[in-house]
A.B. asks: 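Can you keep this structure in mind? I'll have questions shortly.
The figures that follow rest on heavy atoms only: side chains count, while hydrogens, waters and symmetry mates do not.
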Amino acid sequence: MNGKNNIAIGFLTMGLFMAYGFLLIYLRDFAPGKEEWVNSYSIGKHFETRLAHVHGNLFALLNILIGYLLLRFNDKLSNIKTISWLALTGLLMPLGILSEVYLGFPPIFVLIGAIAMTVSVVWLGISFWKMKQININ
């Protein structure tokens with residue numbers, strides 16, 4: 001795994017969370033009981049689903065970026081497989097939020113995903129910091 005899967009899964013995840021945004025629009029503007037949904041803007045399921053939507057798209061974008069950088073600099077970076085897997089594991093965070101809201105799962109997947117994504121980003125940053133020279137051409 002050298003970053004290609006991060007890009008592919010990142011785009012697919014972004015598409016899913018963008019589509020999920022349409023569900024949120026429906027719940028806000030068209031669903032029966034929309035007033036109750038709107039009134040719970042900053043609490044409960046409404047707040048949690050917005051967190052999942054935002055973090056799902058952010059973590060998808062991070063996977064696309066990380067995947068591109070791993071592909072582009074794979075000959076100059078070390079531990080690319082581990083960084084790639086950590087970034088993909090990070091997608092458990094927004095999926096974990098949705099699992100909590102809709103399935104009643106415990107927040108363990110949220111924590112695992114958040115930690116994995118943070119570690120992947122920091123590890124990649126350190127890897128670039130240690131890199132001798134970058135020739136972008």
Side-chain angles (χ1 to χ4, degrees):
M1 177 123 46
N2 57 5
K4 177 186 84 68
N5 288 344
N6 295 80
I7 294 171
I9 293 170
F11 275 116
L12 292 171
T13 302
M14 185 178 286
L16 287 173
F17 277 99
M18 290 170 78
Y20 184 66
F22 287 108
L23 172 64
L24 295 177
I25 290 169
Y26 168 77
L27 291 171
R28 183 191 69 196
D29 295 330
F30 304 109
K34 67 181 181 182
E35 294 78 15
E36 182 182 334
W37 181 256
V38 171
N39 290 335
S40 68
Y41 183 77
S42 62
I43 57 172
K45 284 186 177 186
H46 189 152
F47 180 71
E48 296 292 327
T49 56
R50 288 184 307 127
L51 278 178
H53 173 67
V54 170
H55 283 86
N57 281 303
L58 171 63
F59 282 22
L61 183 61
L62 282 171
N63 263 285
I64 294 166
L65 178 61
I66 288 168
Y68 173 77
L69 292 171
L70 292 176
L71 280 173
R72 178 70 174 87
F73 297 100
N74 95 15
D75 58 332
K76 295 183 187 277
L77 295 171
S78 57
N79 303 306
I80 60 173
K81 210 174 213 181
T82 305
I83 293 168
S84 172
W85 273 110
L86 283 167
L88 288 170
T89 303
L91 293 172
L92 285 175
M93 193 258 198
L95 295 173
I97 294 171
L98 292 178
S99 297
E100 275 186 81
V101 170
Y102 294 113
L103 303 173
F105 283 18
I108 188 68
F109 298 113
V110 177
L111 295 172
I112 291 169
I115 291 167
M117 184 58 81
T118 302
V119 171
S120 73
V121 168
V122 170
W123 197 336
L124 186 57
I126 291 169
S127 297
F128 272 104
W129 187 269
K130 288 181 174 180
M131 190 184 294
K132 300 286 185 215
Q133 183 178 0
I134 296 177
N135 183 3
I136 298 182
N137 297 329

A.B. asks: Which heavy atom in Ala60 sits nearest to a heavy atom in Gly10, and how many Å separate them?
C.D. replies: CB-O, 3.2 Å

A.B. asks: Would you mind reporting whether Val122 and Ile126 have side-chain heavy atoms less than 4.5 Å apart?
C.D. replies: yes

A.B. asks: Counting N and O atoms only, with roles assigned by atom type, does the side chain of Ser84 sit under 3.5 Å from a partner on the main chain of Ile80, one being a donor and the other an acceptor?
C.D. replies: no

A.B. asks: Please report the shortest heavy-atom distance between Gly113 and Phe59, naming the atom on each side.
C.D. replies: O-CE2, 4.3 Å

A.B. asks: Look at the rings of Phe105 and Phe109 and say which category their plane angle falls in: under 30° parallel, 30 to 60° tilted, over 60° perpendicular.
C.D. replies: tilted

A.B. asks: Side chains of Ile66 and Ser120, heavy atoms from C-beta outward: is any pair under 4.5 Å?
C.D. replies: yes

A.B. asks: Quickly, which of Leu58, Leu86, Asn63 forms a side-chain contact (heavy atoms from CB on, under 4.5 Å) with Met117? Name it, please.
C.D. replies: Asn63

A.B. asks: Any side-chain heavy atom of Leu71 within less than 4.5 Å of one from Ile7?
C.D. replies: yes

A.B. asks: Could you tell me the separation between the CE atom of Met93 and the CG atom of Leu111, rounded to the nearest 0.5 Å?
C.D. replies: 9.0 Å

A.B. asks: Kindly compute the distance separating NE2 (His55) from CG (Leu95), expressed to the nearest 0.5 Å.
C.D. replies: 13.0 Å

A.B. asks: Between Leu124 and Leu77, is any pair of side-chain heavy atoms under 4.5 Å apart?
C.D. replies: yes

A.B. asks: Does Leu65 share a hydrophobic cluster with Leu12, counting links as ILVMFWY side-chain heavy atoms below 4.5 Å and allowing steps through other members?
C.D. replies: no

A.B. asks: Could you check Ser127 against Ile83 for side-chain contact (heavy atoms from CB on, under 4.5 Å), going step by step and ending with a plain yes or no?
C.D. replies: CA-CA 10 Å; Ser127 297; Ile83 293 168; 4.0 Å; yes

A.B. asks: Going from CD on Glu100 to CD1 on Ile108, what distance comes out if it is rounded to the nearest 0.5 angstrom?
C.D. replies: 10.5 Å

A.B. asks: Assess the residue pair Tyr68 and Ile64 against the criterion (side-chain contact (heavy atoms from CB on, under 4.5 Å)); give the C-alpha distance rounded to whole Å, side-chain angles, the decisive distance to 0.1 Å, and a yes or no.
C.D. replies: CA-CA 6 Å; Tyr68 173 77; Ile64 294 166; 5.7 Å; no

A.B. asks: Check the hydrophobic clustering (I, L, V, M, F, W, Y; side-chain heavy atoms under 4.5 Å; chains of links allowed) and say if Leu16 and Val110 are grouped together.
C.D. replies: no

A.B. asks: How long is the straight-line distance from CG of Asn5 back to NZ of Lys81, given to the nearest 0.5 Å?
C.D. replies: 10.5 Å

A.B. asks: Is it true that atom CZ of Phe17 has more than 12 heavy atoms of other residues, nucleotides or ligands lying nearer than 6.0 Å?
C.D. replies: yes

A.B. asks: Assigning hydrophobic clusters by single linkage (Ile, Leu, Val, Met, Phe, Trp, Tyr; side-chain heavy-atom cutoff under 4.5 Å), is Val54 placed with Phe11?
C.D. replies: no

A.B. asks: Do you reckon Trp129 sits in the same ILVMFWY cluster as Trp123, going by side-chain contacts under 4.5 Å, direct or chained?
C.D. replies: no

A.B. asks: Closest approach of Lys34 and Arg28, non-hydrogen atoms and distance?
C.D. replies: CB-O, 3.6 Å

A.B. asks: Are Leu69 and Met131 connected in a single hydrophobic cluster, I mean Ile/Leu/Val/Met/Phe/Trp/Tyr linked by side-chain heavy atoms less than 4.5 Å apart?
C.D. replies: yes

A.B. asks: What's the separation between atom NZ in Lys4 and atom CG in Leu70, rounded to the nearest 0.5 Å?
C.D. replies: 13.5 Å

A.B. asks: For the OH atom on Tyr20, are there more than 12 heavy atoms of other groups (residues, nucleotides or ligands in this structure) within a distance under 6.0 Å?
C.D. replies: yes

A.B. asks: Measuring from atom CG of Leu88 to atom OG1 of Thr13, what distance do you get when rounded to the nearest 0.5 angstrom?
C.D. replies: 8.0 Å

A.B. asks: Phe128 vs Phe73 aromatic rings, parallel, tilted or perpendicular, using cut-offs 30° and 60°?
C.D. replies: perpendicular

